[in-house]
There are 2 protein chains.
Amino acid sequence: MLCNTVTTASVKGKDTRTHLDREQVLAAAAKLVKQQGPQSLTMRKLAAELGTAVTSIYWHVGNRESLLEALVERTVADLGEIRPRGTTPEQRVASVAGALRRQLREHPHLVAMVHERGLTERMFLPAQQALVREVHAAGLHGSRAAGVVRAVQFHVVGHVLVERQRERAPAQRPGEEELWGALTAAGDPALARALSVPADPEKVFDTSVRALVSGLLRT
Amino acid sequence: MLCNTVTTASVKGKDTRTHLDREQVLAAAAKLVKQQGPQSLTMRKLAAELGTAVTSIYWHVGNRESLLEALVERTVADLGEIRPRGTTPEQRVASVAGALRRQLREHPHLVAMVHERGLTERMFLPAQQALVREVHAAGLHGSRAAGVVRAVQFHVVGHVLVERQRERAPAQRPGEEELWGALTAAGDPALARALSVPADPEKVFDTSVRALVSGLLRT
DNA sequence: ACCTGAACACCGTTCAAGT
DNA sequence: ACCTGAACACCGTTCAAGT
């Protein structure tokens, strides 16, 4: 399958016309995927970017799918640690949620790619372990603690997926303004005003995580 | 763009070789998309299914994108109402969340398709209105009420997205069992056991919605 | 008004042939 | 060991030509 020959050409030469390198292929692919998502990665575009024939790429990475797989595995391995902050258990659990969200947002397409390739559990293990420590500190154990860990994980991942969709989505029609005219607001103009402006994901995340965690940790 | 000529050929004839119909195209496309998702819909497969030339489809629906758009708009328009159940505000809000989840789960690819085409606000309006009523009944108003509505909506949509990913994902490697051996469990074997078995999305949804709503509605 | 096949510009992938 | 172009089976889409 994969020849893992790491040659000595560590300098990613453009001028120095050295041999094509598995490393170079991965780097160029990572650049394309990080910006535009995996479906924007075509072997032909990648070859053009690298200045080689399309088929050379196949020699180094096998095929498109194993290229993406290598990319995903490397990214997951390079994810930083998660350090809880704050004093109360609520604060510390919420800070783990926030850190996880930030991690995922740095790699907008990673969650889906990881899932499709079956690496989800490995990816979330560090966050889960951090959560377990804090939930233990809050006095919860056993299956109840497990339930809390999973609820937080689902919530964060779900929120990030929604956020990402919002960012990629075009302008909504009809916009929220038209939909939430005074008519639909049931005599609450302040609410109508609030709902007629696009949601601020940051705020939604804060309020929902705070509410979720306090609801979960209450005995 | 779109000729909305609804002919009299309402019988979806296979034996009766009547003219091809915009309606037939939409129906066949809906079938393919509902099962396998939009990326499985190719014009050539669709033509084969309908027994016509590929290019005939273009006459009726313009192109692939407007076909998908028509599909999405129809599905959104056909979504049922949302009726809250229960007595306490917490129960009623949670029941709206549950109903919304059920709606979305019936159309596994709808959320993403709706988003890509800018119909999100319209799609969620009924659920939002139901939520507003219940949140009002719980004594919350103005921007705080709006925050609650949005937190619930984000949470449900996010959960459904995560659920859908889990279903489509292959077997995870390494599995949860290996990861959550006694080693990583920090002296809590019951928790390790709970986390080493795949998550039950139904349960996660229940506990997280309950916690979220109670956290949100507390004054 | 509706259908058709040929043609074009894209894909991923294989393979025999080069050095 | 590494690179190459030709070829294959797929895409969506356009268009001139049919009835």
Side-chain angles (χ1 to χ4, degrees), chain A residues 1-14 16-29 32-33 36-72 113 116-117, chain B residues 1-14 16-29 32-33 36-72 113 116-117:
Chain A
M1 309 275 177
L2 296 181
C3 270
N4 219 351
T5 27
V6 176
T7 76
T8 47
S10 61
V11 196
K12 43 171 86 176
K14 272 188 173 181
T16 49
R17 271 268 161 263
T18 168
H19 272 180
L20 184 59
D21 198 313
R22 178 180 160 87
E23 204 48 46
Q24 295 173 38
V25 176
L26 284 178
L32 283 177
V33 169
Q36 325 239 27
Q39 98 281 24
S40 83
L41 177 75
T42 79
M43 303 302 267
R44 285 172 159 91
K45 266 200 279 185
L46 189 53
E49 185 89 4
L50 291 163
T52 55
V54 197
T55 42
S56 303
I57 299 172
Y58 283 80
W59 198 94
H60 289 284
V61 297
N63 57 23
R64 187 173 178 273
E65 174 52 28
S66 28
L67 168 55
L68 286 173
E69 196 171 315
L71 235 49
V72 167
M113 294 176 70
E116 284 159 14
R117 284 155 192 88
Chain B
M1 308 272 178
L2 296 182
C3 272
N4 220 353
T5 28
V6 176
T7 76
T8 48
S10 61
V11 195
K12 42 170 88 179
K14 273 188 170 180
T16 49
R17 269 269 161 263
T18 168
H19 271 181
L20 185 59
D21 199 313
R22 180 181 159 87
E23 204 48 46
Q24 294 173 39
V25 176
L26 284 177
L32 282 176
V33 169
Q36 324 239 27
Q39 97 281 23
S40 83
L41 177 74
T42 79
M43 303 302 265
R44 285 172 159 89
K45 265 200 280 184
L46 189 52
E49 186 89 4
L50 290 162
T52 55
V54 196
T55 43
S56 303
I57 299 172
Y58 283 80
W59 199 92
H60 289 283
V61 297
N63 57 24
R64 186 173 179 273
E65 174 52 27
S66 29
L67 168 55
L68 286 173
E69 196 171 314
L71 235 49
V72 167
M113 294 176 69
E116 284 158 14
R117 285 155 190 88

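Quick caveat: nothing in here was measured; it's all calculated off a predicted structure. The chains referred to below are lettered A, B, ... by the order of the sequence lines, with proteins before strands, and numbering in each begins at 1.
- Here the P atom of nucleotide D:dG5 and the CD1 atom of A:Ile57 are 13 Å apart, to the nearest Å.
- In DNA chain D, runs of at least 3 consecutive Watson-Crick or G-U pairs, each pair with both distances below 3.5 Å, span C:4-8 with D:12-16, C:12-16 with D:4-8.
- The CG-C1' distance, from A:Asp21 to D:dC2, rounds to 12 Å in whole Å.
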Practice prompt. Assign a letter to each nucleotide of nucleotides 10-15 of chain C from its 5' end: B, base within under 4.0 Å of a protein heavy atom; S, sugar-phosphate only; -, no contact.
Written response: -BBBBB
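- Between B:Ser56 and B:Leu20, the shortest heavy-atom distance links the atoms CB-CD2, 4.1 Å.
- A distance of 11.0 Å separates CD of A:Gln24 from CD1 of A:Ile57, quoted to the nearest 0.5 Å.
- A heavy-atom distance below 4.5 Å is not found between the side chains of A:His60 and A:Asp21.
- How far CG of B:Leu50 is from CE of B:Met43: 10.5 Å, rounded to the nearest 0.5 Å.
- For the pair B:His60 and C:dA1, the criterion of a side-chain N or O lying under 4.0 Å from OP1 or OP2 is not met.
- Counting all heavy atoms, side chain and backbone alike, A:Arg22 lies closest to A:Ala70 at NH2-CB, 3.7 Å.
- Within the 4.5 Å cutoff, the side chain of A:Leu46 has no heavy atoms near those of the A:Arg64 side chain.
- Separating the CG atom in A:Leu68 from the CD atom in A:Glu116 is a distance of 9.0 Å, to the nearest 0.5 Å.
- Contact between B:Met113 and B:Arg117 at its shortest, heavy atoms only, is O-NH1, 3.1 Å.
- OP1 or OP2 of D:dT4 lies within a sub-4.0 Å distance of a side-chain N or O belonging to A:Ser56.
- Between the CZ atom of A:Arg22 and the P atom of D:dC2 there is a distance of 13 Å, rounded to whole Å.
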